[in-house]
Amino acid sequence: AARFNSPHYPSITTDTWLLFLPDFSNNKIRKADSAGVVTTFTGSGTNSSTDGTGTAATHKNPIALTVDTTNTNMYCSEYISHVVRQIVLSSAAVTTFAGTYGSIATTDGTGAAARLSYPWGSLFAASTTTPLYLCDERNNRIRAVTTPGAVVSTWAGTSNGSADGT
């Protein structure tokens with residue numbers, strides 16, 4: 001039987017109906033088919049954040065996934081790494097898409113120049129015209145990330161508290 005260690009926010013492809021689960025404490029992305037067969041898609045289990053393909057890549061606490069509207073790429077927020085990773089579904093190639101491993105700040109920017117602080121929660125499906133959105137927990141912001149391009153911007157929020165506004 002399959003076993004997980006703190007699975008979090010999954011995503012599903014709409015063409016093949018594969019379910020992808022971030023296995024948070026095992027530092028892996030798991031794939032389940034319609035028969036319920038679970039395999040490791042990416043991640044070796046090492047608690048790090050290294051680009052690579054399949055199990056040669058590493059993740060550090062992957063927490064939320066989304067598959068883009070073309071079923072080409074999947075995006076993963078890594079809570080402790082402070083990054084968003086891009087995973088090519090056809091090859092399982094993992095690259096750091098936005099943010100820099102271990103660097104915490106509130107910086108809008110492109111790719112590695114952007115900074116996040118504990119990104120998590122739902123990532124919404126991205127397309128070439130609609131960014132993905134994620135919760136930047138410790139920055140108290142909702143961030144938008146363009147795909148393609150990896151341009152990170154603050155969509156809403158400025159600081160801790162409760163106020164309506166833009």
For residues Trp17 and Ile12, determine if any side-chain heavy atom of one lies less than 4.5 Å from a side-chain heavy atom of the other.
yes
Cut-off 3.5 Å, side chains only: do Tyr101 and Glu78 have a donor facing an acceptor?
no
Any heavy-atom pair between the side chains of Phe20 and Leu89 that's under 4.5 Å?
yes
So, Lys28 and Asp23, do they make that salt bridge, N to O below 4.0 Å?
no
Straight-line distance of Ser48 OG to Asn61 CG, nearest 0.5 Å:
11.0 Å
Centres of the Tyr118 and His82 rings: under 6.0 Å?
yes
Would you indicate whether the side-chain heavy atoms of Thr110 and Val152 approach each other to under 4.5 Å?
no
Applying side chain to side chain contact (heavy atoms under 4.5 Å, CB included), run through Arg143 and Leu116 and close with a yes or a no.
CA-CA 9 Å; Arg143 307 296 286 278; Leu116 305 165; 3.6 Å; yes
Can a donor-acceptor pair be found between the side chains of Thr96 and Asp51 at a distance below 3.5 Å?
yes
Can a donor-acceptor pair be found between the side chains of Ser44 and Thr46 at a distance below 3.5 Å?
yes
Between the side chain of Arg115 and the main-chain N/O of Ala112, is any donor-acceptor distance below 3.5 Å?
yes
Once the angle between the rings of Tyr79 and Trp120 is folded into 0 to 90°, is it parallel (under 30°), tilted (30 to 60°) or perpendicular (over 60°)?
perpendicular
Compare every heavy atom of Cys76 with every heavy atom of Leu65, then report the nearest pair and how far apart it is.
CD2-CB, 3.5 Å
Shortest non-hydrogen separation from Ile63 to Pro119 and the atoms involved
CG2-O, 3.7 Å
